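Structure first, commentary second.
Position 1 is the first residue of the sequence; numbering continues from there. Since we're looking at a predicted model, the values are computed, not measured. Values below: every heavy atom of this structure, side chains too, minus hydrogens, waters and symmetry copies.
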Amino acid sequence: MGKESKIVAKVEDKVITEDEVLNFIRDMGPEMANNFKSEEGIKSVINELVHQELMYLDAEENKIYEEDEFKKALEATRKNLLKSYAFSKIVGNITATEEDAKEYYEKLKDSFITPDAVTASHILVDEKNTAEKILEDLKNDGNFEELAKEYSTCPSKEAGGKLGTFYPGQMVEAFDKKVFEMEEGEISDPVKTEFGYHIIKLEKKIPGGEKSFEEVKEQCMKEAQRVKQQKVYLDKMNELQEKYSVTLM
C-alpha cells in the first residue's frame with residue numbers, strides 16, 4: 001500500500017491532505033504553478049482549500065441547492081457534462097493503426113515535401129559606399145561577425161548578423177533571390193533592398209525533399225486517428241438524425 005498523504009488542515013470532519021494541495025497547484029498549469037511552489041505559496045493554497053470547504057459547509061447549511069438559480073445551473077452543468085461524456089463514448093475507443101497512418105501518408109504525400117532552405121548571415125547598412133568598404137575588409141580576412149556587430153543596422157547584429165534558417169519567400173525579394181543562388185561559404189556583393197544594402201554570407205544549404213513515413217509517422221498516426229474519429233462521429237450523427245426530429249430554421 002502507498003504511503004498516506006500528510007494532513008495539512010481540517011475543516012469540521014473534512015481533512016485536506018498534502019496531495020490535494022499539490023494536485024490543486026498542478027491543475028493551475030506550469031506557469032501559474034511556479035508562483036505557488038514557495039512555502040508562502042503553499043500556505044496560500046492551503047488557505048484557499050480551507051475557504052472552499054467553509055463555503056461548501058455554509059452553502060449546505062443554508063440549503064442553497066434548493067434555490068431555483070442553483071437548480072438551473074446544475075441542470076446546465078449536467079447537460080454539458082452528458083454531451084461531453086457522450087462524445088467521448090462515441091470516439092474515445094477509436095484508434096489508428098500503423099496501416100491507417102501509412103494510408104494517410106500515401107494519400108497526402110505531396111504535403112510532406114519541404115522546400116530547400118538556407119542558413120545565412122548578413123550585414124545591413126544604409127549607404128552603398130559603407131557596404132563596399134565592409135566588403136573590402138572581408139576580402140582582406142576581416143571577421144564577418146565582428147563587422148556585423150560594428151556596422152550592421154539590423155537587430156541581428158547582436159548575434160553577429162546571423163539570421164538562422166529560412167525558406168524561399170521569407171525574405172524581401174532581392175535578398176531572397178540572391179541568397180538562394182549562392183554557394184556555401186560565399187559572401188555576396190552588396191544587395192540593395194528597401195531596407196538598405198546587405199552583404200550576405202551563405203553558411204549552409206539545406207536541400208528540401210519528401211519526408212519519409214518514419215519522419216512523419218507520429219503526425220500521420222494522430223491525423224489518421226482524427227479522420228477515423230470524425231467518420232465514426234458523423235456516422236453516429238446521421239443515425240441519430242434519422243431517430244430524432246431535426247428542423248433547421
Side-chain angles (χ1 to χ4, degrees), residues 25-38 40-41 101 104-226:
I25 293 172
R26 195 178 299 116
D27 289 343
M28 294 178 183
E31 288 188 19
M32 183 71 75
N34 285 332
N35 299 322
F36 292 91
K37 288 183 177 177
S38 66
E40 285 303 310
Y104 178 85
Y105 172 78
E106 290 299 329
K107 282 182 180 177
L108 296 172
K109 191 178 283 189
D110 288 349
S111 67
F112 297 113
I113 295 174
T114 56
D116 294 341
V118 293
T119 301
S121 300
H122 80 150
I123 300 171
L124 174 64
V125 294
D126 294 328
E127 303 295 334
K128 186 177 181 180
N129 60 350
T130 306
E132 288 173 342
K133 179 185 178 302
I134 294 168
L135 187 59
E136 192 62 32
D137 287 345
L138 289 167
K139 288 177 180 177
N140 291 318
D141 297 325
N143 183 282
F144 194 97
E145 290 188 15
E146 289 177 6
L147 289 167
K149 288 176 181 178
E150 182 178 352
Y151 290 102
S152 187
T153 60
C154 177
S156 65
K157 67 184 290 180
E158 301 301 329
K162 293 184 184 301
L163 295 169
T165 300
F166 51 92
Y167 297 98
Q170 290 187 275
M171 299 296 179
V172 290
E173 186 176 353
F175 186 107
D176 191 76
K177 183 175 185 299
K178 182 62 182 177
V179 74
F180 281 95
E181 291 174 351
M182 295 169 64
E183 297 300 326
E184 288 187 359
E186 183 182 346
I187 294 175
S188 73
D189 290 333
V191 177
K192 188 179 187 306
T193 72
E194 62 195 88
F195 299 105
Y197 292 85
H198 308 256
I199 297 171
I200 307 167
K201 180 181 180 182
L202 182 64
E203 294 163 4
K204 188 178 181 182
K205 300 183 84 165
I206 306 167
E210 188 180 282
K211 290 185 177 180
S212 69
F213 172 70
E214 289 303 321
E215 289 178 283
V216 293
K217 180 178 176 180
E218 186 176 345
Q219 179 186 345
C220 289
M221 289 287 283
K222 287 179 181 177
E223 283 302 308
Q225 180 181 29
R226 183 189 64 78

Pair T193-H198, side-chain hydrogen bond (donor to acceptor under 3.5 Å, both in side chains): steps then yes or no: CA-CA 8 Å; T193 72; H198 308 256; 2.7 Å; yes
Verdict with supporting geometry, L163 and F175, side chain to side chain contact (heavy atoms under 4.5 Å, CB included): CA-CA 12 Å; L163 295 169; F175 186 107; 3.6 Å; yes
Determine, step by step, whether D137 and L147 satisfy the side chain to side chain contact (heavy atoms under 4.5 Å, CB included) criterion, reporting the C-alpha distance in whole Å, the side-chain angles of both residues, the deciding distance to 0.1 Å, and the verdict. CA-CA 9 Å; D137 287 345; L147 289 167; 4.0 Å; yes
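A salt bridge is defined here as a Lys NZ or Arg NE, NH1 or NH2 lying under 4.0 Å from an Asp or Glu carboxylate O, and E145 with K149 fails to meet this definition. A salt bridge between E223 and R226 is present, with a side-chain N of the basic residue lying under 4.0 Å from a carboxylate O of the acidic one. Between K109 and E106 there is a salt bridge, since at least one side-chain N of the basic residue sits less than 4.0 Å from a carboxylate O of the acidic one. A salt bridge is absent between E186 and K201; no separation between the charged side-chain nitrogens and carboxylate oxygens falls under 4.0 Å. Here E150 does not pair with K157 in a salt bridge; the nearest charged N to carboxylate O distance is not below 4.0 Å.
Other residues, nucleotides and ligands contribute over 12 non-hydrogen atoms within 6.0 Å of the NZ atom of K205. Crowding of Y167 atom OH: a count of heavy atoms from other residues, nucleotides or ligands under 6.0 Å not exceeding 12. Within a 6.0 Å radius of CD in E173, no more than 12 heavy atoms belonging to other residues, nucleotides or ligands are found.
Note that the OH atom of Y151 and the CD1 atom of I134 stand 6.0 Å from one another [nearest 0.5 Å]. Here CE of M182 is found 5.5 Å from CG of L202. Values are rounded to the nearest 0.5 Å. Of the inter-residue distances, the one linking T153 atom OG1 with L124 atom CG reads 3.5 Å to the nearest 0.5 angstrom. A distance of 11.0 Å separates CG of N34 from CE of M28, quoted to the nearest 0.5 Å. Taking CG of D110 as the reference point, atom CD of E210 lies at 7.5 Å (rounded to 0.5 Å). Separation of atoms CD1 (I200) and OG (S121) is listed at 10.5 Å; rounding is to 0.5 Å.
With contacts defined as side-chain heavy-atom distances shorter than 4.5 Å, the pair D116/I206 does not qualify. Two residues are said to be in side-chain contact when any heavy atoms from C-beta on lie closer than 4.5 Å; P190 and L135 meet this criterion. A 4.5 Å side-chain heavy-atom check between V118 and T165 finds every atom pair outside the cut-off. Between F195 and D126, every side-chain heavy-atom pair lies at or beyond the 4.5 Å cut-off. Residues Y197 and E127 have side chains not in contact (no heavy-atom distance under 4.5 Å, counting atoms from C-beta outward). Side-chain contact between V179 and F166 is present, with at least one heavy-atom pair separated by less than 4.5 Å. Side-chain contact between K204 and E184 is present, with at least one heavy-atom pair separated by less than 4.5 Å. Using a 4.5 Å heavy-atom threshold, the side chains of K222 and Q219 count as separate.
A donor-acceptor pair under 3.5 Å is formed between the side chain of D176 and the backbone N or O of G169.
Between Y105 and F112, the two ring planes are parallel [angle under 30°; tilted spans 30° to 60°].
For the residue pair Y104 and A224, the shortest heavy atom distance occurs at CB-CB, 4.3 Å. Closest approach of G161 to A148, counting heavy atoms only: N-CB, 3.8 Å. Minimum heavy-atom separation, A174 to K192: CB-O, 3.6 Å.
Using a 3.5 Å distance cut-off with no hydrogens or angles, the side chains of H122 and S152 do not pair a donor with an acceptor.
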